[in-house]
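All values reported here derive from a predicted model rather than from experimental measurement.
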Amino acid sequence: RRAAEARFSAADSARRWVRAVERTARAPRSRVLRLAIVEGLAALEALRAEWSELCERAPGSTPFQRPEWVLAHWRAFGVTSPFAVTLRVNGRLAGLAPLVSYRDGGARIVTLAGGGISDYQDALLDPSLAPGGADALLRAALARADDADALLLEHLPSGGVLASAASGAAPPPEPDGACPVLALAP
């Protein structure tokens, strides 16, 4: 009995338990990142709940990036083949760049959703993935636009997801407009 009590004492068991919990808590968790292209209004409509949740997590997101705005914009203006670059971490939506392709004269242009009517356009990104996630979204958008004549990224907020990712580009991005802001008293 004494041998068993010494071997299985409450103090020793507690120490072993605490060490095991500490090792588990410190163990690095692997993150599985997956980029994908989601095509079509129905498929993007199916992302609505996750998209809205990502807007809540993404710092600096605007109403013009929310699915309520973008999907309504696409329906109202007859956009028939929108698509998005998505970034998932362990299955959870963590990045999204809603895009559309159109013809301007003879040129095929790929641009962010809401062009021409939205104050700010940008990708959405979970802050835990910056800056690498922004680079991945931009690279995937560029790859998807490879057969286009241009990838038009306009009305990007300074310091936004894609503006930050494109900051090392040649030529560097230029400001293309200012959106007025009115601070309201609480």
Side-chain angles (χ1 to χ4, degrees), residues 33-48 50-52 54-55 57-89 93-127 129-179:
L33 301 174
R34 201 184 95 206
L35 281 164
I37 303 293
V38 177
E39 300 196 51
L41 195 53
L44 290 160
E45 188 75 55
L47 289 177
R48 179 188 286 263
E50 286 182 287
W51 186 345
S52 290
L54 177 58
C55 286
R57 291 193 325 266
S61 69
T62 71
F64 303 109
Q65 295 166 281
R66 297 194 63 83
E68 297 85 358
W69 175 268
V70 174
L71 296 169
H73 176 266
W74 283 337
R75 283 191 300 275
F77 289 94
V79 176
T80 57
S81 55
F83 61 97
V85 175
T86 61
L87 175 61
R88 291 186 175 276
V89 176
L93 187 64
L96 180 124
L99 300 155
V100 65
S101 174
Y102 66 93
R103 291 235 170 249
D104 184 14
R108 183 170 163 262
I109 310 295
V110 172
T111 191
L112 287 162
I117 195 167
S118 300
D119 282 352
Y120 283 125
Q121 301 169 48
D122 202 357
L124 293 163
L125 184 66
D126 186 293
L129 295 177
D135 294 337
L137 285 173
L138 181 59
R139 281 193 312 275
L142 286 167
R144 179 61 166 76
D146 189 46
D147 63 339
D149 297 300
L151 174 62
L152 178 62
L153 299 175
E154 58 184 353
H155 305 302
L156 297 177
S158 132
V161 172
L162 293 177
S164 297
S167 64
E174 298 177 16
D176 69 331
C179 300

Exercise: identify the closest heavy-atom pair between [X] and [Y]:
X: G114; Y: H73; value: CA-CE1, 3.6 Å
X: A84; Y: P98; value: CB-CA, 4.0 Å
X: R57; Y: P127; value: O-CD, 3.4 Å
X: A140; Y: V85; value: CB-CG1, 3.4 Å
X: A43; Y: V38; value: CB-CG1, 3.6 Å
X: S164; Y: G160; value: OG-O, 2.8 Å

Q) What's the verdict on side chain to side chain contact (heavy atoms under 4.5 Å, CB included) for C55 and L124, showing C-alpha distance, side-chain angles and the deciding distance? A) CA-CA 7 Å; C55 286; L124 293 163; 3.5 Å; yes

Q | Derivation and outcome, side chain to side chain contact (heavy atoms under 4.5 Å, CB included), residues R48 and L71 | A | CA-CA 9 Å; R48 179 188 286 263; L71 296 169; 3.7 Å; yes

(Q) Let's go through L125 and L54 carefully: what are the C-alpha distance in whole Å and the side-chain angles of both, what is the deciding distance for side chain to side chain contact (heavy atoms under 4.5 Å, CB included) to 0.1 Å, and is it a yes or a no? (A) CA-CA 7 Å; L125 184 66; L54 177 58; over 6 Å; no

Given 3.5 Å as the limit, does a donor-acceptor pair link the side chain of [X] with the main chain of [Y], or not?
X: D122; Y: V161; value: yes
X: E50; Y: L47; value: no
X: W51; Y: L96; value: no
X: Q65; Y: A123; value: yes

Please tell me if the side chains of [X] and [Y] come closer than 4.5 Å, counting only heavy atoms from C-beta onward.
X: E39; Y: R144; result: yes
X: W74; Y: L44; result: yes
X: L93; Y: D126; result: no
X: E45; Y: R75; result: yes
X: L151; Y: T111; result: no
X: L142; Y: D146; result: no

How many angstroms lie between atom [atom1] of [X] and atom [atom2] of [Y], to the nearest 0.5 angstrom?
X: S61; Y: R66; atom1: OG; atom2: CZ; result: 6.5 Å
X: L33; Y: L129; atom1: CG; atom2: CG; result: 6.5 Å
X: L152; Y: S101; atom1: CG; atom2: OG; result: 11.5 Å

(Q) Using 30° and 60° as the class boundaries, would you call the ring planes of W69 and F64 parallel, tilted or perpendicular? (A) perpendicular

Q: Examine R108 relative to Y102 and say whether NZ or CZ is less than 6.0 Å from the centre of the six-membered ring and inside a 45° cone about the ring axis.
A: no

Q.
Among L41, V110, V100, which residue satisfies the side-chain contact (heavy atoms from CB on, under 4.5 Å) criterion with F83?
A.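 The option that passes is V110.
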
